[in-house]
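Quick caveat: nothing in here was measured; it's all calculated off a predicted structure. Each ligand, and each atom within it, is numbered from 1 in the order the structure gives.
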Amino acid sequence: MRVKLVAGNWKMNGSLASNQGLLSAIIPAIAPFSRMKCAVCVPFPYLAQMRQMLGGSNIAWGAQDLCEFDNGAYTGGVSASMLADFGCRYVLVGHSERRGMFGESDEVVAVKFGKALAAGLTPILCIGETLAEREAGVTENTVARQIDAVIAHSGVKALGQAVVAYEPVWAIGTGKTATTEQAQMVHAFIRGRVAAADEEVAAALPILYGGSVKAANSAQLFAMPDIDGGLIGGASLIADEFAVICRSAQPAD
Ligand code: PGA
């Protein structure tokens with residue numbers, strides 16, 4: 001039985017003061033949920049604040065990106081070991097905003113994935129098709145290519161220490177959610193793709209859905225057999241919304 005994970009992706013939002021307010025509301029709201037996992041992925045400068053505020057809570061924290069190099073002359077880079085130093089459990093890898101706006105290729109994403117694992121972090125590998133790709137009927141080719149790049153670089157067993165997030169790019173921040181059936185179909189395809197290489201790894205692999213998940217649609221999405229939680233952007237910045245989404249990831253009594 002896969003335990004569901006709800007991870008907030010704050011993107012480039014927040015301030016010391018607003019984070020404090022948000023977490024003060026979220027921590028007690030999430031505290032009773034012992035049968036799901038919760039995390040927030042925040043901008044680098046706030047990792048110390050997460051360690052201070054979330055240490056001892058049932059909310060883990062992580063970053064939204066990492067550098068593909070270990071250390072040295074890479075101005076502006078933040079390495080996997082630096083994230084581990086701040087107590088990160090997770091790191092997003094290959095979010096579509098990084099792939100699209102910052103030109104990250106499948107190969108660079110695969111290297112970052114490997115670096116995260118080597119530092120003991122759990123990479124949340126983000127994959128998903130653009131609107132043009134969906135309309136052209138190549139959704140499966142796209143997600144297969146994105147997952148295959150990671151398998152080629154780190155081996156399928158590496159996915160045993162990872163999380164995958166399926167995020168159709170056309171559903172991110174647009175208010176357009178994939179239907180539960182559309183999402184389930186792609187999740188099942190992803191699991192099948194991994195199963196072709198290793199059935200055990202595929203069966204245990206958490207596959208999150210992301211793209212306009214909110215309190216009003218999370219329960220329906222999380223009820224699908226291959227949807228193991230969500231990666232939440234906009235709604236993770238609203239304490240009440242995020243708490244309801246987390247509650248819907250708790251198995252019913
Ligand atoms: P959204 O973002 O929930 O605001 O659509 C999801 C994401 O980009 O991870």
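Listed by number with element, the atoms of ligand 1 under 4.0 angstrom from any heavy atom of Lys11 are 2 (O), 7 (C), 8 (O). Which parts of ligand 1 touch Gly173 is read off a 4.0 Å heavy-atom cut-off, strictly below it: atoms 1 (P), 4 (O), 5 (O).
Residue Asn9 touches ligand 1 through its side chain alone, judged by heavy-atom distances below 4.0 Å.
Remark: Arg193 does not engage Glu140 in a salt bridge, criterion side-chain N to carboxylate O under 4.0 Å.
Protein heavy atom at the shortest distance from atom 9 (O) of ligand 1 is Glu167 OE2, 2.7 Å. Among all protein heavy atoms, the one lying closest to atom 3 (O) of ligand 1 is Gly233 N, 2.9 Å. At the shortest separation from atom 4 (O) of ligand 1 among protein heavy atoms lies Gly234 N, 2.9 Å.
For ligand 1, the polar-atom distance check against Ile172 finds no nitrogen or oxygen pair separated by under 3.5 Å. Between Gly211 and ligand 1, no N or O atom pair is found at a separation short of 3.5 Å. Here's the thing with Ile232: none of its N/O atoms is less than 3.5 angstrom from an N/O atom of ligand 1. By the 3.5 Å distance cut-off applied to N or O atoms, Glu97 is not counted among the residues near ligand 1.
The side-chain contact (heavy atoms from CB on, under 4.5 Å) search around Ile238 returns Glu241, not counting sequence neighbours.
The closest approach between Ala235 and ligand 1 stays at or above 4.0 Å for every heavy atom of the residue. At least one heavy atom of Ala171 sits less than 4.0 Å from an atom of ligand 1. In this structure, Ser212 has a heavy atom closer than 4.0 Å to ligand 1. Under the 4.0 angstrom criterion for non-hydrogen atoms, His95 is in contact with ligand 1.
At a cut-off of 3.5 Å, with distance as the only test, a side-chain donor of Trp170 or Glu129 sits close to an acceptor on the other residue. When only modelled atom types and interatomic distance are considered, Asn19 and Gln49 share a side-chain donor-acceptor pair under 3.5 Å. A donor-acceptor pair shorter than 3.5 Å cannot be found between the side chains of Asn71 and Ser79. In this model, no donor atom of one side chain and acceptor atom of the other lie less than 3.5 Å apart for Ser212 and Thr177. Side-chain contact annotation: Thr139 with Thr142, donor-acceptor N/O pair under 3.5 Å absent. Using modelled atom types and a 3.5 Å distance limit, the side chains of Glu167 and His95 yield a donor-acceptor pair.
Listed for the Gln64 side chain is a donor-acceptor partner under 3.5 Å among the backbone atoms of Cys41.
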